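One structure is given below, encoded as structure tokens.
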Protein chains: 2
Amino acid sequence: MKRITIVDVAKKAGVSKGTVSAVINGKNTVKPETREHILKVMKEMNFRPKGVARNLKNGHQDKSIGIIIKDINYPFYTAIATGVKEYASSKGYSVIITSSENNHESEKKFSHLFSTKDIKGAIIAPIVEGTAEIEHLFNLKMLNFPFVLLEDVKGIQANVVAIDNLKAIKRAVKYLMDCGHTKIVHFAGPPHSSHTQERIEGFRHAFSESTLVFHPDMIVQIGSDYEESYKKTIEYFKKLNKEDYPTAIVCFNDLQALSVMLALKELNIRVPDDISIIGNDDIFYAKIYPVPLTTIRAPQREIGKKAAEILIKNIESSTLLPVEKVVLETELVIRESTKVLVRN
Amino acid sequence: MKRITIVDVAKKAGVSKGTVSAVINGKNTVKPETREHILKVMKEMNFRPKGVARNLKNGHQDKSIGIIIKDINYPFYTAIATGVKEYASSKGYSVIITSSENNHESEKKFSHLFSTKDIKGAIIAPIVEGTAEIEHLFNLKMLNFPFVLLEDVKGIQANVVAIDNLKAIKRAVKYLMDCGHTKIVHFAGPPHSSHTQERIEGFRHAFSESTLVFHPDMIVQIGSDYEESYKKTIEYFKKLNKEDYPTAIVCFNDLQALSVMLALKELNIRVPDDISIIGNDDIFYAKIYPVPLTTIRAPQREIGKKAAEILIKNIESSTLLPVEKVVLETELVIRESTKVLVRN
DNA sequence: AAAAACCATTAAACCGTTTTAATTGACCAA
DNA sequence: TTGGTCAATTAAAACGGTTTAATGGTTTTT
């Protein structure tokens with residue numbers, strides 16, 4: 001089961017490994033017939049030259065960075081990746097994308113992969129909470145592997161580019177209050193996500209800074225999976241008397257919001273006439289929706305761009321740079337899923 | 001500007017490189033104080049051990065495959081990637097994703113990257129047309145690099161997993177004909193895509209197999225970019241008399257269809273009451289749309305899965321396997337954007 | 001016919017690490 | 001004092017290729 005090397009090929013072909021190497025690299029110094037012969041032997045043995053070994057000697061300086069996102073199917077992350085890509089390309093870097101699917105094992109695997117394959121640095125949407133785990137990810141202290149995080153992990157000494165989730169949701173809630181809504185609820189995300197917690201926090205803060213009073217019932221467990229949030233929304237409203245319906249819902253993210261709107265349609269509840277909906281993220285499909293979604297926009301491309309910028313700066317520096325933490329601003333994008341409540 | 005190596009560190013720290021290596025790898029054979037000292041020197045010099053070299057010696061057999069898609073923001077491709085991922089994981093492979101953005105240079109860069117970094121094989125949605133270019137991509141004859149294509153390139157001797165685009169569109173058109181539509185048009189994709197051509201072909205075939213007659217005006221240049229197709233759709237209808245409106249549109253893909261539906265709404269044309277719309281691909285968001293889209297479903301996950309299966313089989317085989325070409329079936333998914341035309 | 005030039009091939013050095021075997025020095029027991 | 005252990009370190013081999021300089025055999029030039 002031993003790997004076939006260039007020596008094996010050389011031996012079988014009755015030539016030196018230098019010659020084999022020459023044909024692999026298309027050098028024109030080798031006689032056509034030996035070339036053909038070697039090619040034949042290579043094919044017979046199904047010889048695949050080992051990339052890292054080739055790489056080592058000639059020191060191919062191909063510049064590339066990696067990014068680990070949580071879900072390749074969520075447009076929010078692919079938009080960030082696009083931002084990374086745009087900036088990185090302009091600096092001559094290729095970017096390779098991996099998706100952890102919220103699985104810490106994958107996260108570990110990929111970070112190991114990166115450091116092992118001469119990827120020059122990485123941008124990570126981290127899953128784990130602990131500082132130690134993250135540092136462990138890149139064997140940080142040992143390898144000096146440059147990376148930047150897309151979420152602030154409490155107490156970590158690392159580069160971070162992120163948005164202020166708490167503030168974002170607070171902004172959304174305040175906008176609804178300004179529109180005259182008083183019966184506002186929050187449809188919360190998946191239980192174990194740090195985003196879910198931050199957004200619940202933001203929701204509460206908004207109330208504590210207003211004259212309205214917060215009640216735990218205002219937080220509804222909905223999740224962000226498409227099927228799940230659809231079902232749970234239906235259930236939620238089925239359990240309620242019409243007069244107890246909220247007049248506005250702050251959603252965990254845009255995908256959930258889309259799903260909720262679909263459920264409301266099924267229930268014959270009109271958006272925004274009966275209920276205002278506000279999303280979060282501003283993914284591409286939020287504006288394509290026939291009732292364009294009011295949402296809190298996270299500057300996805302800019303996040304990617306900024307992260308790439310910091311990363312590449314670190315990669316190219318010959319000295320260890322001080323840690324940077326940047327928080328980008330979110331923006332309320334008012335479209336058609338929310339409306340001012342007229343008192344009667 | 002020379003790279004800092006372990007020897008430089010060793011020299012500066014006054015130890016042998018073996019010792020430095022030991023601290024990098026967290027061996028417990030090194031005295032705490034030397035360890036600390038070496039760590040300090042490493043930090044000072046900002047030493048980053050070269051991955052490929054580490055890899056070469058200890059021969060880390062981390063199994064990973066790559067995939068090159070055309071557009072990371074189009075859910076069709078990320079769904080394929082998900083299929084790849086699912087199968088690959090089950091076989092212990094990690095998958096890394098890259099996006100060529102329809103740019104041949106990127107495609108070349110990534111394939112080179114893969115073969116150079118000991119990625120074991122690749123799945124590619126190819127941009128280029130020529131057999132030679134594709135073979136060149138992996139220096140095919142030389143490196144025996146295993147790969148599978150997601151589109152059939154005419155005359156190529158390579159593994160392919162794809163769908164029959166022509167047949168798919170034909171199916172769509174026939175369905176509309178069966179529904180009684182006679183004024184059917186095709187909103188074509190971006191001019192230089194091979195998909196665009198295949199789909200136009202399919203549209204014509206459907207006509208040649210029916211009693212209706214094809215006219216070149218039935219092919220409308222719309223493109224697939226969201227903004228562009230929105231605008232062009234509006235223009236198209238503005239130029240037409242109401243009585244000349246088609247009663248059905250076969251769209252290039254679902255994203256275009258979504259965009260078209262949005263434009264129709266703007267124009268106060270109802271879907272499906274005034275015009276039936278049929279998409280292509282069945283991306284995730286097609287069914288979330290309030291008028292769920294009738295479309296030709298390409299089995300995205302299955303495509304990914306099958307491609308991964310063939311790829312891994314080739315990777316793990318010690319002999320060169322014969323080329324496989326598999327064509328997966330598409331399926332008409334009837335939802336609410338099309339309706340039967342009642343004669344009056 | 002000898003020298004020069006050329007072609008194809010090979011042997012050896014090299015890339016930057018890890019690993020193994022050998023070495024050194026300190027400590028302890030007899 | 002001698003020898004044996006043990007802990008810490010080092011020198012050298014190894015990983016699997018590429019590249020360079022040397023080699024030997026032909027052909028061409030003078």
Side-chain angles (χ1 to χ4, degrees), chain A residues 1-39 41-42 45-62 112 115-118 120 139 142-145, chain B residues 1-39 41-42 45-62 112 115-118 120 139 142-145:
Chain A
M1 239 4 211
K2 222 185 131 301
R3 179 188 192 101
I4 294 180
T5 75
I6 200 172
V7 202
D8 302 319
V9 175
K11 201 173 296 168
K12 182 148 181 195
V15 297
S16 77
K17 55 180 187 159
T19 310
V20 178
S21 173
V23 350
I24 292 174
N25 293 286
K27 295 273 198 308
N28 58 357
T29 64
V30 36
K31 195 159 54 170
E33 59 215 60
T34 27
R35 171 194 196 70
E36 287 313 313
H37 177 227
I38 291 175
L39 240 30
V41 173
M42 279 171 52
M45 306 182 80
N46 198 18
F47 167 59
R48 303 185 198 134
K50 191 164 185 168
V52 292
R54 309 187 61 199
N55 217 1
L56 180 55
K57 171 64 186 188
N58 60 18
H60 270 148
Q61 271 312 44
D62 52 3
H112 177 255
S115 63
T116 219
K117 295 239 184 283
D118 263 6
K120 300 286 182 290
N139 202 352
M142 308 300 161
L143 303 185
N144 279 155
F145 191 82
Chain B
M1 239 2 215
K2 225 186 130 301
R3 179 186 191 102
I4 294 180
T5 75
I6 200 172
V7 199
D8 303 318
V9 175
K11 201 173 297 171
K12 183 148 178 191
V15 297
S16 77
K17 54 183 185 155
T19 311
V20 178
S21 174
V23 352
I24 292 174
N25 294 286
K27 296 274 197 312
N28 59 356
T29 65
V30 36
K31 193 158 56 168
E33 59 216 60
T34 29
R35 170 194 196 70
E36 287 313 314
H37 176 225
I38 290 174
L39 240 28
V41 174
M42 279 171 52
M45 306 182 80
N46 198 20
F47 167 60
R48 304 185 197 133
K50 189 164 187 165
V52 292
R54 309 187 63 198
N55 215 1
L56 178 55
K57 175 59 190 187
N58 61 16
H60 270 145
Q61 271 311 46
D62 49 4
H112 177 254
S115 62
T116 220
K117 295 238 184 285
D118 263 8
K120 301 286 183 287
N139 201 352
M142 310 299 161
L143 303 185
N144 279 155
F145 191 84

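Nothing here was measured: the structure is a model prediction, and the numbers come from that model. Just so we're on the same page: letters track the sequence lines, and every chain starts at 1.
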Of D:dG17, C:dT18, C:dT10, the nucleotide closest to the side chain of A:P49 is D:dG17

Would you mind reading off the distance between A:K27 atom NZ and C:dC7 atom P, rounded to a whole angstrom? 17 Å

To the closest 0.5 Å, what do you measure between NZ (B:K117) and CG (B:N55)? 10.5 Å

Length of the line joining B:K17:NZ and D:dT10:P, which is rounded to integer Å: 13 Å

Hey, is the side chain of A:N25 poking within less than 4.0 Å of OP1 or OP2 on D:dT18, counting only N and O atoms? yes

Enter the distance from A:M42:CE to A:I6:CD1 here, rounded to the nearest 0.5 Å. 8.0 Å

Atom CD1 of A:I24 to atom P of D:dT19: distance rounded to whole Å? 11 Å

On the nucleotide D:dG16, are OP1 or OP2 found under 4.0 Å from the side-chain N or O atoms that A:T5 carries? no

Non-hydrogen side-chain atoms of B:L56 and B:V52 separated by less than 4.5 Å: no

Take the protein atom CG of A:L56 and the nucleotide atom P of D:dG16, then report the distance between them rounded to whole Å. 12 Å

Short side-chain N/O contact from A:T29 to OP1 or OP2 of C:dT9, under 4.0 Å: no

Take the protein atom CE of A:M45 and the nucleotide atom P of D:dG17, then report the distance between them rounded to whole Å. 11 Å

Nearest 0.5 Å, what's the CG-OG1 distance between A:D118 and B:T116? 10.0 Å

Taking D:dT9, D:dG16, C:dG16 as options, the one with an atom nearest any side-chain atom of B:T19 is D:dT9

CG of A:N28 versus P of C:dT9: gap in Å, rounded? 12 Å

How would you label the contact of B:V15 with the nucleic acid (heavy atoms, under 4.0 Å): base, sugar-phosphate, or nothing? sugar-phosphate

Validation row: B:L39, B:V23 side chains within 4.5 angstrom (heavy atoms): yes

Comparing B:K31 and A:N55 on DNA chain D - which has the more 5′ nearest nucleotide: B:K31

Under 4.0 Å from OP1 or OP2 of C:dT9: is there any side-chain N or O of A:T34 that close? yes

When you measure from the side-chain N and O atoms of B:S21 to the phosphate of C:dT17, is any distance below 4.0 Å, counting only OP1 and OP2? no

What is the distance, rounded to the nearest whole Å, between atom CD of B:E33 and atom C1' of D:dA7? 13 Å

In whole angstrom, give the distance that lies between atom CD1 of A:I6 and atom P of D:dG16. 12 Å

Is there a side-chain polar atom (N or O) of B:K57 under 4.0 Å from OP1 or OP2 of C:dT20? no

